[in-house]
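Chain letters run A, B, ... following the sequence lines, proteins first, then strands; residues in each count from 1.
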Amino acid sequence: MPPKVLPGFRDFYPAEFSVRAHILDTWRRIVRRYAFMEYDGPPLEPLELYTQKSGDEIVGQLYSFDDKGGRAVAMRPEMTPTFARMVAARAQALRKPVRWFSVPQLFRYERQQKGRLREHFQLNVDIVGEADVLADAELLSVAIQICCAFGLDRTDFYARVSDRRLLNALLANLEIDADAWPAVYAVLDKLERQPRDVSAEKLAAAGLGDVARETVLGFGAFDSVDALRVRFGGSPDVAVHLDRFAEYTSHLHALGVGEYLRLDLTIVRGLAYYTGIVFELFDAQGEFRAICGGGRYDNLLNALGGVDLPALGFGMGDVVLGELLKARGKLQEVSVPSPDVWIIPSEDTSVAHVLHTATVLRHAELSVEYVLSSDKLHSRKSGAQLKDAQKAGARIALVFRDGVRAEVMVLGSEHAGERAVVNTGEWTASVADLSSILSLLGR
RNA sequence: GUGGCCGUAGCUCAAUUGGUUAGAGCACCGGAUUGUGAUUCCGGGGGUUGCGGGUUCAAUUCCCGUCGGUCACCCCA
């Protein structure tokens with residue numbers, strides 16, 4: 001028995017690869033509409049790239065080892081450090097704002113569970129050098145439009161959005177000591193899943209008074225800027241952030257995705273480096289974990305690369321997204337590639353002519369297949385070869401009636417039966433009238 | 001790292017309280033038939049029942065371990 005695939009890794013057979021290609025192609029197609037440019041870095045990085053910065057719970061789950069040169073290395077678990085290094089190295093020369101994206105395969109050594117493997121492909125979209133909220137709106141807009149491009153709509157997913165600055169202002173307004181904020185964040189993050197009394201207990205342990213504690217426990221109920229204004233609008237320190245969020249919302253409506261937006265103060269995002277608006281995309285039925293997450297991290301480039309530039313970005317993995325698309329029937333039409341043309345020779349058609357014909361058609365960008373045995377090309381009955389063609393999903397069969405003349409037959413259900421006769425004897429790679437074939441293929 | 005559930009053909013599953021040579025459909029391969037074809041029929045390959053040990057006259061079945069899968073916790077790209 002040959003070794004199996006490692007736990008948490010995937011083999012992509014053609015059917016699965018088609019799904020993967022569909023996802024990655026769609027990512028690229030939509031992101032390019034927003035004029036983002038693709039980049040990439042090494043899949044293997046110095047371990048130090050991930051351990052140097054603080055707040056790395058990731059380190060314990062790194063796929064790391066010593067290479068043959070004794071270097072401590074790690075398979076990249078996230079793209080941001082690489083991105084930060086690349087931007088920092090040329091920060092002066094890059095036209096701002098930088099709008100780049102990447103589709104790296106990322107690795108993580110942890111026990112797999114639903115929606116989480118040890119490897120996945122993740123779209124990373126980032127903007128560097130713009131602090132205005134319009135950049136935040138642009139970013140979320142891309143994420144939402146991508147999901148829409150997969151055929152998902154308002155009934156399938158929505159965006160939960162918060163703002164670290166707003167949240168901090170609210171906590172300050174409630175006179176919660178800054179030292180307790182991380183604990184409050186942790187509670188907010190689990191507010192939905194954790195029993196209320198457990199949350200209350202943790203908040204009390206963090207030093208919150210009764211009023212602050214009850215207010216925080218009720219944060220989930222604030223689902224709009226207006227709701228917050230009623231309660232906190234009187235405070236100028238809070239109002240400034242509410243105004244910004246309102247502007248953000250306004251931009252998103254103008255971008256056509258405002259309906260997907262939902263203010264949600266319980267969206268915290270685990271990573272400590274977020275500094276502004278943060279968001280996560282969820283399926284509407286709450287069946288899967290977050291499809292996508294991101295936000296503004298204005299201090300990270302400075303911490304990582306020594307360059308003081310505002311930045312924001314998000315990541316979207318192929319695993320959860322793929323599960324959601326499959327569950328919602330959005331992968332039905334994703335098909336494995338099949339040949340355009342299947343060539344079936346007659347007794348009088350030489351093997352060489354079959355090969356020549358295939359070559360001409362292939363020069364015309366058509367995918368061509370035929371039985372790969374000189375003997376069978378002639379011994380196998382045309383009916384059987386026709387069956388081969390159908391099994392392969394060929395769109396048309398080129399069935400020779402004599403040495404060089406062939407009948408073009410459309411297979412499949414749609415236009416099955418349509419046909420034309422062509423004389424392949426006149427075909428050369430440079431001069432070939434393939435119009436009858438191309439028209440039957442709908443080209 | 002902790003815990004629950006589950007491992008039979010490529011896939012979906014079956015196999016009497018533990019009992020003969022572990023079966024079926026689909027898929028795959030070969031053939032017959034049908035000159036417009038997704039039909040039908042015949043045949044074939046494919047399994048150390050995840051692996052190892054134990055109990056037993058006898059283990060796919062019961063027990064232990066291990067590996068793998070899955071779900072949850074932890075944590076979160």
Between B:G37 atom P and A:K391 atom NZ, what is the distance in whole Å?
17 Å
Quick check on A:K114: does its NZ atom have over 12 non-hydrogen neighbours (other residues, nucleotides or ligands) under 6.0 Å away?
yes
When we call it a touch if two heavy atoms are under 4.0 Å apart, what does A:L386 touch: a base, just sugar-phosphate, or nothing?
base
Quickly work out the A:D11 CG to B:G68 P distance and round it to whole Å.
16 Å
Please tell me which of A:H120 and A:Q113 maps to the more 5' nucleotide of RNA chain B, matching each residue to the nucleotide holding its nearest heavy atom.
A:Q113
Same-atom distance (P) from B:C13 to B:C71, integer angstrom
16 Å
Proximity to the side chain of A:Q122 - top-ranked nucleotide from B:A77, B:G68, B:C76
B:A77
Please give, in whole Å, the distance from B:C74 C1' to A:R108 CZ?
12 Å
Pairing partner (Watson-Crick or G-U wobble, both distances under 3.5 angstrom) of B:G47
none
Check the phosphate of B:U39 against A:K387, side-chain N and O only, distance under 4.0 Å to OP1 or OP2. Yes or no?
no
In whole angstrom, give me the gap between the P atoms of B:U16 and B:G53.
25 Å
Would you call the rings of A:F83 and A:Y39 parallel, tilted or perpendicular, where under 30° means parallel and over 60° means perpendicular?
tilted
In whole angstroms, how far is the C1' atom of B:G69 from the CZ atom of A:R118?
13 Å
What does A:R380 touch in the nucleic acid at a heavy-atom separation under 4.0 angstrom: a base, only the sugar-phosphate, or nothing?
sugar-phosphate
For B:G65 versus B:U55, give the span between their C1' atoms, rounded off to a whole number of Å.
15 Å
For the P atoms, the ones on B:U12 and on B:G54, what distance do you get once it is rounded to whole angstrom?
32 Å
Taking the C1' atom of each, how far is B:C11 from B:G69, in whole Å?
16 Å
Could you check whether any side-chain N or O of A:N124 sits under 3.5 Å from a backbone N or O of A:F101, counting only pairs where one atom can act as donor and the other as acceptor?
no
The Watson-Crick or G-U wobble partner of B:G52, with both key distances under 3.5 Å, is B:C64
Determine the Euclidean distance between corresponding C1' atoms of B:C41 and B:U34; express it in Å to zero decimal places.
12 Å
When you measure from the centre of the six-membered ring of A:F107, is the NZ or CZ of A:R118 closer than 6.0 Å and no more than 45° off the axis?
no
Nucleotide nearest A:P7 when distance is taken to its side chain, options B:G37, B:G69, B:U33:
B:G69
Strictly by Watson-Crick or wobble contacts shorter than 3.5 Å, is anything paired with B:A24, and which nucleotide is it?
B:U12
Nucleotide opposite B:U2 in a Watson-Crick or G-U pair, distances under 3.5 Å:
B:A72
Would you say A:Q112 reaches B:G69's phosphate, i.e. side-chain N/O to OP1/OP2 under 4.0 Å?
yes
Should the side chain of A:R116 and the base of B:C71 be counted as holding a donor-acceptor pair, with the cut-off at 3.5 Å?
no
To the nearest Å, how far apart are A:F288 CZ and B:C71 P?
10 Å
Taking for each residue the nucleotide of RNA chain B bearing the nearest heavy atom, is the 5' side occupied by A:G293 or by A:L6?
A:L6
What's the closest nucleotide to the side chain of A:K376 if the choices are B:C75, B:G69, B:G30?
B:G30
Got a sec: does the CZ of A:R28 have more than 12 other heavy atoms crowding it under 6.0 Å?
yes
Given the C1' atoms of B:G45 and B:C67, what is the spacing between them in whole Å?
29 Å
Can you measure A:Q194 atom CD to B:C74 atom P for me and round it to whole angstrom units?
8 Å
Indicate, with a heavy-atom threshold strictly under 4.0 Å, whether A:G294 touches base, sugar-phosphate, or nothing.
nothing
Say we look at B:A22 and B:G47: how far apart would their P atoms be, to the nearest angstrom?
12 Å
Between the base of B:G3 and the side chain of A:R111, is there any donor-acceptor pair under 3.5 Å?
yes
Between C1' of B:C73 and CD of A:E110, the distance in whole Å
13 Å
Taking the six-membered ring for Trp, are A:F219 and A:F222 parallel (under 30°), tilted (30 to 60°) or perpendicular (over 60°)?
perpendicular
Whole angstrom value for the distance that separates C1' of B:G30 from CD of A:Q385:
15 Å
Sidechain-backbone polar pair: A:R405 side chain, A:F400 backbone, donor-acceptor under 3.5 Å
no
